[in-house]
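Here is the naming used below: chain letters follow the sequence lines, and residue numbers restart at 1 for every chain. Computation of the quantities below employed the complete heavy-atom set of this structure, encompassing side-chain atoms and omitting hydrogens, waters and symmetry-equivalent molecules.
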Number of protein chains: 2
Amino acid sequence: MQKAAALRIFEALSSGVRLDVFRLLVQAGKPGRVAGEIATALDVSPTNLSFHLKGLLAAGLVSVEQEGRFQRYRANIPLMLETIAYLTAHCCGGDPDECARLRGHAPDAAAFLPPLAHDAAGPGDQ
Amino acid sequence: MQKAAALRIFEALSSGVRLDVFRLLVQAGKPGRVAGEIATALDVSPTNLSFHLKGLLAAGLVSVEQEGRFQRYRANIPLMLETIAYLTAHCCGGDPDECARLRGHAPDAAAFLPPLAHDAAGPGDQ
DNA sequence: TCAATATTTCAAAAAATATTGAATTATTCT
DNA sequence: AGAATAATTCAATATTTTTTGAAATATTGA
């Protein structure tokens, strides 16, 4: 992952409406929700929802599939996890002990932070 | 974690400057960096940096410690991990198989997503 | 104490985002 | 084909966020 992608993802989740939409879709799971259902559930105008869905879509956090005259949206959870990997890459000044100590503070998350392998970004990484 | 906290965290990371600052501090590890070092490294004016640090601080993503006339900033990585736990809580419409399938898409992150124990938020959770 | 350094606060201007309602596109149903 | 439905695009307005430079605060060292 590169900076621009990570930035789009955080921008996408930095609005209350979009955060609600994404959570709704995460909770919905595989069946997702069509736009109208989302608008009703969250009490957002279709126009405004469309605006916010576009942001989530551009970030890759949701996908759409046309279903007749409906548009069915689904959450892309794995991308969210990749983003954290990007964020925590090359952490702790390369000190594995320090890295382990940090991990200790978030027990559930412990197994996630990779020891030191970190990201595989090439020279173009920003 | 509650919605308001998660929102502050994503807002905090939704600017290129703040994302750079946070990554710099994640990579710096325990010693962190004083404000002036950050400003120089990222070529941001002290005034503007101060503005952005305030956002990161309000979100809890960084901490400060006064050191003479310097202010030393450090990243709070565990909070970032908690945020993802919040985001992926109650996922997949409660279907564990579906949850497992999703996890399969992000191998490194696989161990992070808790099976179904999920968050411990009380009735006030938004 | 005085000058220099580090950082923050404040107020104004500039830029980016969000919201609204009307119009448009595309699909279904009769 | 024509009416109804689902959703998006467009253009205008409102709101929020970011940036800038000057001024203020606090600490250090002469």
Side-chain angles (χ1 to χ4, degrees), chain A residues 3-25 28 31-75 126, chain B residues 3-25 28 31-75 126:
Chain A
K3 181 185 163 185
L7 192 52
R8 271 198 309 278
I9 287 161
F10 290 121
E11 280 169 347
L13 293 169
S14 72
S15 121
V17 174
R18 289 189 300 265
L19 190 52
D20 285 342
V21 171
F22 186 68
R23 290 249 301 161
L24 179 74
L25 293 177
R33 293 282 183 268
V34 300
E37 288 172 333
I38 302 173
T40 300
L42 303 180
D43 192 32
V44 175
S45 78
T47 297
N48 195 21
L49 179 65
S50 207
F51 167 80
H52 288 295
L53 282 170
K54 203 160 55 175
L56 287 166
L57 216 38
L61 281 171
V62 304
S63 60
V64 221
E65 188 186 3
Q66 180 151 7
E67 202 175 292
R69 57 184 146 172
F70 300 87
Q71 299 289 130
R72 184 165 295 277
Y73 288 88
R74 294 185 180 85
Q126 278 303 327
Chain B
K3 181 185 163 185
L7 192 53
R8 271 200 308 280
I9 287 161
F10 291 122
E11 280 170 349
L13 293 170
S14 72
S15 122
V17 174
R18 289 189 298 265
L19 190 52
D20 285 342
V21 171
F22 186 67
R23 290 248 303 162
L24 180 73
L25 292 177
R33 293 283 184 268
V34 300
E37 287 173 332
I38 302 172
T40 300
L42 303 180
D43 192 31
V44 175
S45 76
T47 295
N48 196 20
L49 178 65
S50 204
F51 167 80
H52 287 295
L53 282 170
K54 203 160 54 175
L56 287 167
L57 216 37
L61 281 171
V62 305
S63 60
V64 220
E65 187 185 5
Q66 180 151 8
E67 204 175 290
R69 59 184 145 172
F70 301 86
Q71 300 286 131
R72 184 166 295 274
Y73 287 86
R74 293 184 181 87
Q126 278 304 326

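- Remark: B:Lys3 NZ to A:Asp20 CG distance equals 3.5 Å, nearest 0.5 Å.
- Side-chain N or O atoms of B:Glu67 include none that pairs as donor or acceptor with a backbone N or O of B:Arg69 at under 3.5 Å.
- To the nearest 0.5 angstrom, B:His52 atom NE2 is 11.5 Å from B:Leu19 atom CG.
- Rounded to an integer number of Å, the gap from A:Glu11 CD to D:dT18 C1' is 13 Å.
- The distance from the CZ atom of B:Arg18 to the CD atom of B:Glu11 is 8.5 Å, given to the nearest 0.5 Å.
- Distance from the side chain of B:Gln66 is smallest to D:dT27 among D:dT27, C:dT8, D:dT8.
- Positionally, the nearest nucleotide of DNA chain C for B:Arg69 lies more toward the 5' end than for the other of A:Ser14 and B:Arg69.
- Between A:Gln71 atom CD and D:dT9 atom C1' the separation is 13 Å, expressed in whole Å.
- If you take CZ on B:Phe51 and OG on B:Ser15, they are separated by 8.0 Å, rounding to the nearest 0.5 Å.
- We find that CG of A:Leu7 is positioned 11 Å from P of D:dT18, with the value rounded to whole Å.
- Closest approach of B:Leu49 to B:Val44, counting heavy atoms only: N-CG1, 3.6 Å.
- Atom CZ of B:Phe70 is separated from atom P of D:dT28 by 9 Å (rounded to the nearest Å).
- Taking atom CZ of B:Arg72 as the reference point, atom C1' of C:dT8 lies 18 Å away to the nearest angstrom.
- The side chain to side chain contact (heavy atoms under 4.5 Å, CB included) test with B:Tyr73 is passed by exactly one of B:Leu53, B:Val21, B:Leu56: B:Leu53.
- Side-chain atoms of A:Thr47 stay outside donor-acceptor range of the base of D:dA7, with no qualifying N/O pair under 3.5 Å.
- Contacts between residues 49-64 of chain A and DNA chain D, defined by a heavy-atom separation below 4.0 Å, involve A:Ser50, A:Lys54, listed by number.
- If you take CZ of A:Arg33 and P of D:dA6, they are 17 Å apart, rounded to a whole angstrom.
- Put simply, A:Tyr73 has a side-chain N or O that comes within less than 4.0 Å of OP1 or OP2 on D:dT8.
- One can place CD of A:Glu65 at 18 Å from P of D:dA6, the figure rounded to the nearest angstrom.
- Here the closest heavy-atom approach between residue B:Leu61 and residue B:Phe22 is recorded as O-CE1, 3.3 Å.
- Annotation: the terminal axes of the helix from C:dT1-D:dA30 to C:dT30-D:dA1 meet at 30°, where each axis is the rotation carrying the C1' atoms of four end pairs onto the next four (5 pairs per end, rounded to 10°).
- Regarding contacts with the backbone of D:dT18, a side-chain N or O of B:Arg18 is found under 4.0 angstrom from either OP1 or OP2.
- Heavy atoms of B:Ser45 sit nowhere under 4.0 angstrom from any nucleic acid atom.
- The CZ atom of A:Arg33 lies 8.0 Å from the CG atom of A:Leu25; values are rounded to the nearest 0.5 Å.
- Residue A:Gly55 comes nearest to A:Ala12 through the heavy atom pair O-CB, 4.0 Å, listed as atom of the first residue, atom of the second, then distance.
- Following rounding to the nearest Å, A:Phe10 (CZ) and D:dT17 (P) show an atom-to-atom distance of 18 Å.
- Residue A:Asn48 places at least one side-chain N or O closer than 4.0 Å to OP1 or OP2 of C:dT19.
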